[in-house]
Amino acid sequence: MMTRINQLPTLRVDPTKKVVFDYKGKDYVGAHGDTVATALYYNDVRIFGRSLKYHRPRGLYSLDGECSNTCMEIDGIPNVRTENTLVKQGMKVKEQNVKGSAENDMMGFIDKLDFMMPAGFYYKTMHKPASIWPVAMKQIRKAAGLGVLSPDFEMPGKFDQIFPSADVVVIGGGPAGMSAALASADKGLRVIIMESRPWLGGFFDYRTFDYRDENYKNNKQLYSRARELASKVESHANIRVFTHTSVVGTYTNNLVTGFQIGKDNDKFTERYIEIRANAVVVATGCIERPLIFENNERPGVMQVGCVHRLARTYGILAGERAVFSVGHDLGLEAAIDLFDLGMKILCVADVREDGQNPHLMIELAKRNIPYLKGWVAAEAKGGKRVKGVVMTTLDGTISRDFDCDLIVASAGFTPLNGPLTLAHAKLRYDSHTNFFVADKMPEKTHAAGRMLGLEDSLSIEASGVIAGLKAALDCKLMKESYGNSDVDALKSEIDATVAKQKELPGPARGSKFVTAPVKGRKSFICFDEDTTIKNIRQAIEMGFDVPELIKRFTSAGTGPGQGGIPGHNLPLYVAKYLAASGAPPKPTTVRAPLVPTLIATYAGSKHIMMKRTPMDDMQRADGGVFRKIGVWERARYFSDDFSCKKEIENVRNNVGMLDGSTLGKFRIHGPDALKVLQRVYVSDMSKVKLGRVKYSAMCNDDGCVIDDGVVIKLAENDYYFTTSTARAGATIEWLRYHTRFDGWDFYVVNLTDSMGVINLSGPNARKVLQKITSEDVSNSAFAFSGYKEFMVKDTIPVKAMRLGFVGELSYEFHVPSSYMVSLWNMLKDAGKEFNIQNFGVEAQNVLRMEKCHIILGQESEQRTNLLDLGLGFLWDRTKKDAKTVGAVALRQAENDPTRFRLVGFEMENNGRAARDGALIVDDKVRGYVCTARDSFTLNKAVGMALVESHLAKVGTRLEIFEDECGGERIYGTVVPMPFYDPDGTRMKS
Amino acid sequence: MFGKYKPMWGEKTQLKSSYDAVIIGGGLHGLATAYYLAKDHGITDVAIIEKNYIGFGGAGRNTAIVRANQRTQYNVPLYKEALDLWPILTKELDYNLMFNNCGNLNLMHSEAAMKAARMTIATAQFHGVESHLIDAKEAKELVPALNISEDITYPIHGAMFHPPGGIVRHDAVVWGLARGASKFGVEIHQQTEATAVNTRNGKIVSIETNRGTINTNKLLISAGGYSAALIYGMVGIKLPISVLTIQAMVTQPLKPLLDHVVSSGAYHCYANQTLKGEIATGAHMDQWPNYTTQTTAHYIKHQGEALSEFMPCLRGLRFMRIWAGLADMTPDMAPILDGNDHIEGFYFNCGWGYFGFKSCSASGKYMAEFMAKGQAPDMIKPFNLRRYEQHKLMGETAELVTYTPNN
Amino acid sequence: MSLTITCPICGKRNGYEFRFGGEDKGPRPDEDSLTPQRWCEYVHLNECVAGVQKEWWVHKDGCGSWFTIHRDTVMNVEVAKPEADR
Ligand SMILES: Cc1cc2nc3c(=O)[nH]c(=O)nc-3n(C[C@H](O)[C@H](O)[C@H](O)COP(=O)(O)OP(=O)(O)OC[C@H]3O[C@@H](n4cnc5c(N)ncnc54)[C@H](O)[C@@H]3O)c2cc1C
Ligand SMILES: [Zn+2]
């Protein structure tokens, strides 16, 4: 265990509060505020895991989790970024992708075999002879991947989601972001600020000096300036602060998504946040661009911010003897500060020829820290830990070895442009900063701070203020309600602030892409995928000359950390290698999520939403077996005999009751109501008579049937109609769509949920009905296809129809949902003496099939038109002026002999029914079985099939091919339809 | 062991002023057609004109699922041949296409769906394609990550199991075909955009590109999601196509967890584990045309919700990358392979939606034959454009067509 | 991408409240002397414009009205009615 520097004012850990956690079965102690990574480092853990391909040891590198180096399994969850995860009491932490341990990995030898694995080697190997491949593939699969997940893993924790709106969203809680938030909020706008670290402060948070500006607010130290800003932000009434919140996506129209990690006392583990804003400020700052040299990812090679923050934020000195190889002032500043904290700095090498801040140079000199201008690290020495480094001049002519245990390496900065590019900003290469900068900003989006190349702290804050004011202006221009009076004032305030900022230092010159002249065999450009610059060269030579393609061919930037490590270096390297072409560097594509995000977090809490009919409880009490059908739960069976024999026989012999409430139910009225029906129904709806039920169908413009149902005329231009369950949601839309050019005057109301439906069917149905109503329901008074409205017990208004879907005497009652339970109970009581029983959807399916009544989707599919189904009698072709939907296509297809026909068939030789979906074949497929059942009523197996028209004649033998038939065919014969009660006596009497 | 590093598909060359055949679009179908034109028909004086780089379109963005258990008798044989071609192509091209024939499970969430699956299965079996209906327990044995409890929005009743399907490495197909074609002399011109087509007397005579005019009598447009706009813009043929954005994503890589491709229509979701260990999953499409190839917040969340339900262990994984490509959807979910009809010498191959990876080898083979002989081979005859005016949609989907492509 | 659409009744809303209803092809053609080709064009064929197009939408999770907007299919954003169409 190391000693912590406990007295720093910048600390974010509380060393007095111990946190005990488990690492590989042993207890370790960290401090409250530690990340898992810092706690492990504090406990002398140096190798955090092994790399994907070569199993190289890997350790802390950036402290921000840009790569998979420090991913571990925590509490069963694989690939957790330990650098971003706060350590918690009792956590169980394990290393990944090792055989043995990370310290002694039995797969470590692979590192020596890299010569066998040049770029794209997979494509050229392991396929000759073909029999090798399946074996090789197994090995590849085993070797690939990092973490392990068990198939019965249950994700612990609570996952929440919120969808706030805001005027301005500020992404990034550093000095620029905070300044922007305050500027907008001060103008009266509602601001949300999102910061990925657990605190506001950004890169000011750990810095104790601002060497660049001696006049900076009385030499205020940067960290205290950060805290001052933070407390202003946190106490501002207009600002909502989300810390420990990573933005993962930005989209057009200023939609921003992210997730927040819950604190100890929060009610969520993580929560998904989706914000629709009017304007966005992006102030995400920079990460460091890795320095590329031999073994540049050895445990003990770290970036500047990593080493600096380890000390200042966590009180941990990363090493005893350090060599710096950097390309920017922050590196010099860190060397000075770490020296003051007690680290031995052997030398500071700087790739820049000039441009160093003179104040820093003086401080370095004061401390006698050797400074090597124009030098760079060429090779890290040591296996599992850094033992030394070879430093060279840029041309490689002079070199020097150092013994050290820490190499602080950082080539330059990479702006975190992700939130801009995801929202469609175009990037351009800027040779001054050596950054990709946004050329065309997304609408109402503004960037601020370091990502613009600014390094001066005052300038960074000013840029934040400007962005905040501009965002405020966007909002004010959008919304009249703010009053435009202060727009002009705001505009001049912006101009003034811009003018003031001009006096401050602008974007700093970025350091160039520099590598020591080494072979690059183990100079890693991408740590996740173990891609070396040698691999990149190979790819380019093979013709992959665009960074995006190289990325694919070499996998660089496609690992768990995505472009975090290679995103900036790859294009710079390619441009340098192809310098002859003169083309500027081209960025690779950044994709959401900007930070790997748990599926659990995206999913939020679990919500299963289904609709239930008013009779749901009662049917469940009666033993209904329910199924989810579309948006509904429906009783499909009423016993565990899924052939439904009893239910069917009871309808045929006594009386049954079915809940049909899921049917679509509509009322259409208004002066042009009839015209609408004429447009969408194939029949002549002007012929619908009062007191009668009209069955008809709707087609699409291809003539294919999309819906069927009944229509009832309530009064002139006032109709009630039903649709199939599935179409209920789209019916009004359909009516309005097909009349959208006509300007007709009509109202249509969806009554599907407000009305319930009971179907009462069977020879005893009339007797049951008569018991609950005084209305004359005799066959003469209420005949087949009749419609009646009456009251039951003077209270329940019933719309009653005489239909015959199941082929028996049958009534359908449409009743306001609130009365359904009462009516259901009344019918049940009344029906007791007649043996009334429930029947479910499957029984209905068989009953109607015996009667050859079709169900759309079962006897039809995309290709089936009205005529194919034998429903041509519904179509009135005289009403041309109505421009009936489907009529044109029906006319055009009418005489096409190659279309399918719906036929009835029975199985040959008393055979069992063919399965639904079986094919009708000869040497080709000629059709298929829609529905077929062993009919208890008819004592034979019957069904309906769609077949080519030459097979449609009664008497034709159908050759049936079922799945799993093993070549055995079964046969049926086309017979007349319907099979049951062909004259309709039962239905009509 | 690996020889010298030399360009895989020939050095960059000058664009000639004329070719026997020109193909617009260096995607899967363009490359495959070129390869077979050269290999099977000796037509090697071919130029592939690619606006960006080869594999820029759907070819480089798809999730590489291959299978042959389509729904109709027209489609199954074509996809079967395509599936059978992967090992053959691996050998012919001497390039490891990494065919992982791990099998596909298509989950069924209702009795009705199980029945509908029977027809698809029977159609497969009738054409000699292995495919079976299995129940939920059997599915769980194959995919232990499945949640077969009743406690989800769409409980799993069973699955259509198609053992010969699987995944292929999509980039390898692009690069392998490109290398194979260029070995025969086919020229691949990247960063070259076709801008116009010239016809005379109803015949193709030349095309315009940003690098100059190319004369040819045989032209194929197979520009994936861009085809419909190009074909209408260049030769005035309107197509029954809607260009939608389709998205896919991967999680961070992990050790083997999923051994099969799992898909679910009800959840609009499929998932499989790549050889690299990522769980690759898709495939939502916003149901309106757009060419952005940009992803949505809505969808990545939807995908989280869906996977959480039917494979709940995945809740512990992290999505690391989402991307999108174009899907040129037809109303009947079947492609349009046509040519030499509206304009002599003009061929087009499009409408592949999200099925154009698995089919590219066979499609390329038959389009090559079509272009070589001027007559559509029987295999692809049914895929002509005229079927729409004849009200003969192909029925690859059972869904009803209303006013938009997919509802 | 996150489309928003302006409903003439309800104002600017999240795109997922709406359903796309096709390119604007004008009113239903007259049925007299209608060829299968012309009908097919009206029903199935699209221009697939990569750029601004006029198109139909319905506010399905809102007021239910059908209306047209102009949208840039390349950027997937609603745009103002072009001059030529005003
Ligand atoms: C996210 C996603 C997942 C998918 N998953 C699967 C799957 O699992 N299985 C499956 O079978 N299919 C899948 N697909 C579908 C498959 O990728 C496509 O169907 C297939 O790529 C189509 O191939 P293509 O050759 O027609 O077009 P593409 O591969 O798109 O190639 C077209 C090429 O044309 C070029 N081009 C365009 N305009 C011009 C011009 N004017 N001049 C020159 N060149 C031009 C483009 O740059 C492009 O390279 C998926 C698609 C996507 C987007
Ligand atoms: Zn509205």
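Letters A, B, ... are given to chains in the order of the sequence lines, protein chains preceding strands, and every chain is numbered from 1.
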Looking at [options], which makes the most heavy-atom pairs under 4.5 Å with chain B?
{"options": "A/M609, A/M126, A/Q538, A/M155", "result": "A/Q538"}
{"options": "A/I77, A/I608, A/T589", "result": "A/I608"}
{"options": "A/G967, A/G703, A/A144", "result": "A/A144"}
{"options": "A/S150, A/A600, A/G543", "result": "A/A600"}
{"options": "A/G120, A/P593, A/C71, A/G249", "result": "A/P593"}

Would you check if the side chain of A/D916 reaches a backbone N or O of B/A116 as a donor-acceptor pair within less than 3.5 Å?
no
Donor-acceptor contact present, side-chain B/K255 to main-chain A/K142, <3.5 Å:
yes
Chain B contact via [X] - which portion, at a heavy-atom distance below 4.5 Å:
{"X": "A/Q562", "result": "side chain"}
{"X": "A/R552", "result": "both"}
{"X": "A/R627", "result": "side chain"}
{"X": "A/Q161", "result": "side chain"}

Polar contact flag, side-chain donor to acceptor under 3.5 angstrom, [X]-[Y]:
{"X": "A/K128", "Y": "B/N96", "value": "no"}
{"X": "A/Y123", "Y": "B/R169", "value": "yes"}
{"X": "B/K392", "Y": "A/T898", "value": "yes"}
{"X": "A/T558", "Y": "B/K276", "value": "yes"}
{"X": "B/K115", "Y": "A/Q858", "value": "no"}
{"X": "A/H127", "Y": "B/D94", "value": "yes"}

Are A/K628 and B/Y154 in a cation-pi contact, defined as NZ or CZ under 6.0 Å from the six-membered ring centre and within 45° of the axis?
no
Any ion pair linking B/K6 and A/E541 (charged N to carboxylate O, less than 4.0 Å)?
no
Report the residue from A/D152, A/L149, A/I599 that forms a side chain to side chain contact (heavy atoms under 4.5 Å, CB included) with B/C313.
A/L149
In this structure, is the centre-to-centre distance between the rings of A/W133 and B/F99 below 6.0 Å?
no
